[in-house]
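Notes for the one structure printed next.
Any value given below was found using the heavy atoms of this structure, including those in side chains, with hydrogens, waters and symmetry copies removed.
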Amino acid sequence: MGCLLRCSCFSRTIGTSGRIARLSRRKIHTTATALIPFHSRGKRSSRVSPQHPCVFTPQRTKLSRNDLDAPWTVFAWGKEVEFSTAKVVESQNVTEQITRIMVDIGGLSSGYTTPGQFLQLKVGDGKPAFIAIASPPDANSAVVELLVKKQGEAAEALCGLSEGDDVSASPVMGKGFPVKNIPPEEIKTVFMFATGSGISPVKALIESGALQTGDRKDSILFYGARNKALMAMSDSLSSWEDLGVKVVPVFSEEGKGYVQNVFDGEKENLMGDPASTGVILCGQKEMCQAVTEMMTEAGVDKEKILLNF
């Protein structure tokens, strides 16, 4: 049976079972292998959005009658994933919850062309984790940067690796952020929202230059964490500012709410013409849903609201 990844926000399921197909109720088995965020163990897969974290692990889950009534679309890579041996170049704890791992993936790096793409990684015969790449694409380097939250069996195994250790890596997957949908000559303001390890693909996007911040009026990142000590990329904020991105750190423990709450309080001052506004999202499902709702209500075209899955 293939792996299914349900996106409750957009009724989308990513699978590894074969071809692209829309499945009728009759064709869906009552038990499927779903990719569940570590912190969502025990929850139904239909409640899960792939935008919530950037790390997933396979887990058996039951589909309810409600799931069978919902529209399911299976996207597939055509055949079973083939893993290659990669090597850990560096491993460092950047917060008490997140480890920064540099991995030499060799020739697999040629498949990394767009910020927002991801890898499957596993240690030995363990379960694989799906992890967004945090470094920008670089044709001259086979080393990629990963931010891994220490939560769940697969992630904890990865965080336990040391320099020189082997790890199994899949080909680079996903289409990444479709930035062609927000060309700078048309979209003058871009709002980015990221929480926790969801900063990984947004970091790659900013540092790649693909956002073309110099050709826009404003590029603003709302970056959320519980507190500064848990903000994985706090040391990079000034360099992102140098690249033309205004960074708004949001610490929920300070009582101001989450990134969507802070934006909601400032949107009248920040929002200009919705026709020239683009949005980039990666992080918790609730945040992605709330921001999407606010932006569409304000008149932003949904095609201009970008996700990396």
Side-chain angles (χ1 to χ4, degrees), residues 54 89-90 92-95 98-102 109 112-117 132-148 176-251 254 256 258-260 262-263 266-267 269-272 276-283 287 291 304-308:
C54 288
V89 175
E90 179 184 337
Q92 176 186 10
N93 293 329
V94 290
T95 74
I98 296 177
T99 299
R100 175 179 177 265
I101 306 175
M102 306 294 290
S109 62
Y112 182 34
T113 59
T114 307
Q117 290 179 289
I133 301 173
S135 50
D138 184 351
N140 298 313
S141 177
V143 176
V144 295
E145 178 185 13
L146 309 168
L147 298 177
V148 184
F177 290 113
V179 291
K180 67 181 186 303
N181 290 0
I182 53 170
E185 58 272 16
E186 176 186 346
I187 304 301
K188 295 302 181 182
T189 299
V190 173
F191 295 108
M192 293 170 277
F193 299 84
T195 56
S197 58
I199 193 63
S200 294
V202 177
K203 172 184 181 296
L205 179 63
I206 293 171
E207 295 178 359
S208 71
L211 198 57
Q212 298 176 271
T213 55
D215 297 326
R216 303 184 195 271
K217 178 184 176 183
D218 292 301
S219 299
I220 305 173
L221 167 64
F222 289 81
Y223 178 18
R226 287 214 314 266
N227 54 56
K228 187 174 182 179
L230 295 178
M231 183 167 276
M233 301 309 303
S234 58
D235 292 342
S236 297
L237 304 191
S238 60
S239 64
W240 295 347
E241 295 267 1
D242 292 339
L243 292 173
V245 176
K246 179 182 178 181
V247 183
V248 181
V250 179
F251 304 119
E254 293 183 352
K256 297 180 180 179
Y258 303 104
V259 292
Q260 62 267 34
V262 173
F263 174 78
E266 296 290 333
K267 65 183 179 183
N269 298 323
L270 296 174
M271 285 287 293
S276 63
T277 298
V279 183
I280 293 164
L281 300 172
C282 191
M287 179 273 286
V291 172
K304 311 300 183 187
I305 302 175
L306 311 186
L307 303 105
N308 66 316

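Annotation: side chain of I187 is in contact with side chain of R216 (closest heavy-atom distance under 4.5 Å). A heavy-atom distance below 4.5 Å is not found between the side chains of Y223 and M192. At a threshold of 4.5 Å between non-hydrogen side-chain atoms, the residues L221 and W240 count as touching. Within the 4.5 Å cutoff, the side chain of S208 has heavy atoms near those of the P137 side chain. Looking at V259 and M287, their side chains come closer than 4.5 Å, going by heavy atoms from C-beta outward. You'll find the side chain of Q92 stays beyond 4.5 Å of the side chain of M102, heavy atoms only. Residues V247 and E241 meet the side-chain proximity criterion, which asks for heavy atoms closer than 4.5 Å. Residues F193 and V279 are in side-chain contact: their nearest non-hydrogen atoms beyond the backbone lie under 4.5 Å apart.
Going from atom CG of L307 over to atom CG of L281 covers 5.0 Å, rounded to the nearest 0.5 Å. Atom CG of residue D138 and atom OG1 of residue T113 lie 13.0 Å apart, to the nearest 0.5 angstrom. Rounding to the nearest 0.5 Å places CD1 of I305 at 10.0 Å from OG1 of T277. Note that CD of E207 is 7.0 Å distant from CG of L243, once rounded to the nearest 0.5 Å. Remark: S197 OG to L146 CG distance equals 11.0 Å, nearest 0.5 Å. Put simply, CD on E254 and NZ on K228 are 10.5 Å apart, with the number rounded to the nearest 0.5 Å.
Of the residues listed (T213, V245, I199), the one engaging I206 in a side-chain contact (heavy atoms from CB on, under 4.5 Å) is V245, and it is the only one. Considering K304, K217, K180 in turn, K304 is the only one that fulfils the salt bridge (Lys or Arg N to Asp or Glu O under 4.0 Å) rule with E186. Each of S200, S135, P136 was compared with E145 under the side-chain contact (heavy atoms from CB on, under 4.5 Å) criterion, and only S135 meets it.
The shortest heavy-atom contact between P201 and C282 is CG-SG, 3.5 Å. Minimum heavy-atom separation, L237 to P249: CD1-CG, 4.1 Å. Taking all atoms of both residues into account, the shortest heavy-atom contact from V250 to M231 is N-CE, 4.4 Å. Residues A204 and I133 approach most closely at CB-O, 3.6 Å, considering heavy atoms. The nearest pair of heavy atoms linking G116 to N308 is O-ND2, 3.0 Å.
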* To do: Could you give me the CA-CA distance, side-chain angles and deciding distance for I280 and F177, then say whether side chain to side chain contact (heavy atoms under 4.5 Å, CB included) is met?
  => CA-CA 8 Å; I280 293 164; F177 290 113; 3.6 Å; yes

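Using cut-offs of 30° and 60° on the angle between ring planes, the pair F222 and F191 is tilted.
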